[in-house]
Amino acid sequence: MPQNTPAWHHDGMQNIWLPYTQMATASAALPVVSTDGVRIRLADGRELIDGISSWWTACHGYKHPHIQEALATQLAQMPHVMFAGLVHEPALRLAQRLAALLPGDLERVFFTESGSVAVEVALKMAVQYWLNQGQTARDRFVCFRHGYHGDTFATMALCDPDEGMHSLFGSVFPPQMMAELPTDDALKIGFERMLSTHRERIAAVIVEPLVQGAGGMKMHDAATLKFIAEACQRNGVLLILDEIMTGFGRTGKMFACEEAGVVPDIICLSKALTGGTLPLAATVARRHVFAAFWSDDKGAALMHGPTYMANPLACAAANASLDLFESEPRLEQVAAIEIQLRDELTACANLAGVAEVRVKGAIGAVELSGEIDLEALRRRFAECGVWIRPFGNVVYLMPPFVIDEGDLRTLTSAIHQVLSERAARI
Ligand SMILES: *Cc1c(COP(=O)(O)O)cnc(C)c1O
């Protein structure tokens, strides 16, 4: 399909290894040469409207001038310096701003470079929080079916065992406690019993609030999240919220936990933190969590420190991204996207081979039933001029918040079109 394939594409593909991809049979990855606004420009001159914000990161669209300027300034001044024994303004200002934005006393910020590592740090914080208080048996985590928390060993163990990588690596990582989301009374009782039975072993419960992303865009309500938080409190275990996908407006509030009035003990942020420009993540702890590390004992210090942590360029991008949440009407845009997604995706529910349509904030998901040829669907979407990449059994949209009504309609129409074609074959 790609015409005018550049030489770098043809030659370099012999040496690259792509994520989650069977390199022998996958159709060729498209050569991209630039991005602008909500558009991805391919080497052959075609433009695709980005329906998924580059893995849910580019909330302001691509190349927003304010972030570009902040990056240029920071690049000229100091692209990187190590973050031990030295500190710099971009990181400290960002920490202060995140603390001010986050609910409650979530106020101590530890920077890393990816979501998985932010979760790893949260797990370490939780275990060491208990160790520092003399509790040495708290070595288990409670996680939820359909959850996704990353690809490293500790985080893989927290993912859904069927959708995740347990079948490959399950013998290598420690087993964790898998719960159903407590969405009804029976499940509530079961969840509470799990916590009360094993409370002495449990370091923390971890959950993606309101929307479980990579596990299939499963949505639950604020009351369920609130119940989980209260059950954690009743049973004296920590609550970690993984807001790597939901954070920064995606579900309608700046952070999904705000909708439930929940303040977790630890929160993980990444993806949209830099507005989709540079890798950065943050693990933020409440005051009482941090207090357990504050002592004369060097052994009580948090034992983690990635080489590129708090990279100044990435922090500058994140600060500029937060500026945009203040100066441009992002949450209003999310509210408008939510209304339009409901209006325009609902029609897909009537198509053969569609199980359900779900919308929350700027997330629209169409869950499919029956046989699904992901590669064929992905190819068709690209042919329609849109960048939409279904996974598992969902076709979903997570557009940049700056997308206009017409471009969003192009995305929803493409989904209806491609799923109609599929329905005709069923
Ligand atoms: C993407 C994601 C992660 C992992 O982040 P990486 O940067 O890919 O390591 C963890 N948790 C959630 C909820 C995510 O969406």
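In each ligand, atom 1 is the first atom listed, and ligand 1 is the first ligand listed. All residue numbers refer to positions in the sequence shown, counting from 1. Since the model is a prediction, treat every value here as computed from it, not as a measurement.
- Looking at Gln340 and Glu344, their side chains do bring a donor and an acceptor atom within 3.5 Å of each other.
- The distance from ligand 1 to the heavy atoms of Ser114 drops below 4.0 Å at these ligand atoms: 7 (O), 9 (O).
- Heavy-atom distances between Trp56 and ligand 1 reach below 4.0 Å in at least one pair.
- The closest protein non-hydrogen atom to atom 4 (C) of ligand 1 is Ser116 N, 3.6 Å.
- Each of the following atoms of ligand 1 lies closer than 4.0 Å to a heavy atom of Met245: 15 (O).
- Interface of Glu208 with ligand 1, defined as ligand atoms under 4.0 Å from a residue heavy atom, comprises 13 (C).
- Atom NZ of Lys218 has more than 12 neighbouring heavy atoms from other residues, nucleotides or ligands inside a 6.0 Å radius.
- Relative ring orientation between Trp56 and Phe391 is described as tilted, the plane-to-plane angle lying within the 30° to 60° band.
- By the 30° and 60° cut-offs, the orientation of the rings of Phe325 relative to His60 is perpendicular.
- Considering both main-chain and side-chain atoms, Ser270 never comes within under 3.5 Å of ligand 1 through any nitrogen or oxygen pair.
- At a 3.5 angstrom cut-off on N or O pairs, Lys271 counts as close to ligand 1.
- The proximity of His149 to ligand 1, defined as any non-hydrogen pair under 4.0 Å, is limited to the backbone.
- The shortest contact between atom 11 (N) of ligand 1 and any protein heavy atom is with Asp242 OD2, 2.7 Å.
- In this structure, a donor-acceptor pair under 3.5 Å is absent between the side chains of Thr410 and Asp407.
- Of the protein's non-hydrogen atoms, Gly115 CA, 3.2 Å is the one closest to atom 5 (O) of ligand 1.
- For the 3.5 Å distance criterion, the side chains of Arg330 and Gln333 qualify, holding a donor opposite an acceptor.
- When only modelled atom types and interatomic distance are considered, Tyr62 and Asp50 share a side-chain donor-acceptor pair under 3.5 Å.
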